[in-house]
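Down below is the structure, laid out as structure tokens.
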Amino acid sequence: MEQFQLDLDGLGIIFYSPHAVSHIHAGERYLMEHYNKVEDVVQHIYEGSIVGFATGSPGPFMLTIYQDVYPNFDELAPDWALKLCLTVTENTVFFRDLYTLMRYKEATDSDIKITLENGNYEVIVCSWMPETDIRGDHQAIHIYFNKKEELPKLHYEGVPSFV
């Protein structure tokens, strides 16, 4: 288990491995050109490349990352739960603000990253409304990575969201 605070200016979180952004040039307006329409976001999610979800608010989010653990939904009773997927390469996963894609900047050592074995993962994301009832006010998000032979088949009508 690893814990991080991710401060968002935007309204969502993205996570990815280095291969997924290797084609994006510094300063490129990737968000508006390739990650703005629902179908574009969903395609990235189905491919397990740049995986994102809407938080509904900026602010500080408290991420807890689990590997090879499944959430006990009865015990956790999350307000929101999402199933996503990710292909991991270079044993690395970055977690960043969605707005990073507005004018893309390469990840640095100050960005949140974890080490994860290369392969395909089912990713389950759980979150709860903060006690203050203010979205993004140190809101807890638990993210569970479980390795699979193939990426799970997902179906979304829109962008995965906590709203």
Side-chain angles (χ1 to χ4, degrees), residues 1-18 20-21 24 29-32 35-36 38 40-42 44-46 48-88 90-117 121-147 152 154 156-163:
M1 174 178 71
E2 297 178 77
Q3 295 183 308
F4 306 96
Q5 179 173 315
L6 179 59
D7 296 321
L8 299 184
D9 293 324
L11 300 176
I13 293 173
I14 58 171
F15 56 96
Y16 59 85
S17 275
V21 296
I24 304 175
R29 295 173 183 257
Y30 197 83
L31 181 67
M32 294 309 292
Y35 210 86
N36 194 35
V38 170
D40 294 336
V41 175
V42 170
H44 279 88
I45 290 168
Y46 291 169
S49 59
I50 303 172
V51 181
F53 59 92
T55 57
S57 172
F61 287 81
M62 312 312 290
L63 306 182
T64 304
I65 312 297
Y66 298 90
Q67 296 181 31
D68 302 317
V69 174
Y70 280 93
N72 179 335
F73 289 106
D74 291 335
E75 187 178 299
L76 293 172
D79 294 321
W80 300 278
L82 304 169
K83 182 190 259 186
L84 302 167
C85 60
L86 181 70
T87 297
V88 174
E90 299 180 42
N91 298 309
T92 303
V93 178
F94 288 98
F95 297 85
R96 300 180 78 188
D97 188 328
L98 171 67
Y99 280 7
T100 298
L101 299 176
M102 287 182 79
R103 284 188 186 268
Y104 182 73
K105 289 188 283 187
E106 291 186 19
T108 66
D109 288 339
S110 65
D111 286 306
I112 296 171
K113 72 178 178 179
I114 64 168
T115 300
L116 199 59
E117 185 178 318
Y121 286 82
E122 173 184 75
V123 183
I124 299 171
V125 180
C126 300
S127 188
W128 301 261
M129 182 63 84
E131 290 181 15
T132 61
D133 282 333
I134 300 171
R135 288 180 194 275
D137 185 11
H138 295 88
Q139 186 168 337
I141 298 177
H142 290 195
I143 305 175
Y144 299 82
F145 288 90
N146 289 288
K147 195 167 186 188
L154 304 174
Y156 279 101
E157 297 290 327
V159 174
S161 175
F162 289 165
V163 259

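On a predicted model such as this, the values are computed, not experimentally measured, just so you know.
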Take Phe162 and Met129 through the side chain to side chain contact (heavy atoms under 4.5 Å, CB included) test and state the conclusion after the steps. CA-CA 9 Å; Phe162 289 165; Met129 182 63 84; over 6 Å; no

Shortest non-hydrogen contact between [X] and [Y], atoms and distance:
X	Y	value
Val159	Ala54	CG1-N, 4.4 Å
Val42	Gly158	CG2-O, 3.7 Å
Asp111	Glu106	OD2-O, 4.3 Å
Phe94	Pro18	CE1-CG, 4.1 Å
Gln67	Ile114	NE2-CD1, 4.2 Å
Gln5	Ile112	O-CD1, 3.4 Å

If you round to the nearest 0.5 Å, how far is [atom2] of [Y] from [atom1] of [X]?
X	Y	atom1	atom2	value
Asp137	Phe61	CG	CZ	9.5 Å
Tyr144	Cys126	OH	SG	5.5 Å
Leu6	Ile14	CG	CD1	9.5 Å
Ile45	Tyr35	CD1	OH	5.0 Å
Ile143	Tyr121	CD1	OH	14.5 Å
Trp80	Ile141	CH2	CD1	9.5 Å

Any chance NZ of Lys147 has more than 12 other-residue heavy atoms, nucleotides or ligands included, within less than 6.0 Å? yes

Run the side chain to side chain contact (heavy atoms under 4.5 Å, CB included) test on Ile50 and Leu101 for me, step by step, so that the C-alpha distance in whole Å, both residues' side-chain angles and the decisive distance to 0.1 Å come before the verdict. CA-CA 10 Å; Ile50 303 172; Leu101 299 176; 4.3 Å; yes

Checking Ile13 against Leu63 for the side chain to side chain contact (heavy atoms under 4.5 Å, CB included) test, could you report, in this order, the C-alpha distance in whole Å, the side-chain angles of both residues, the deciding distance, and whether it holds? CA-CA 11 Å; Ile13 293 173; Leu63 306 182; 4.1 Å; yes

Between Pro78 and Phe73, is any pair of side-chain heavy atoms under 4.5 Å apart? yes

So, do Val69 and Met1 sit near enough that their side-chain heavy atoms are less than 4.5 Å apart? no

Taking the side chain from [X] and the backbone from [Y], do they hold a donor-acceptor pair closer than 3.5 Å?
X	Y	result
Tyr46	Tyr156	yes
Thr64	Gln3	no
Ser17	Val93	no
Ser110	Thr108	no
Ser127	Ala140	yes

Test side chain to side chain contact (heavy atoms under 4.5 Å, CB included) on Lys83 and Leu154 and set out the steps. CA-CA 8 Å; Lys83 182 190 259 186; Leu154 304 174; 3.7 Å; yes

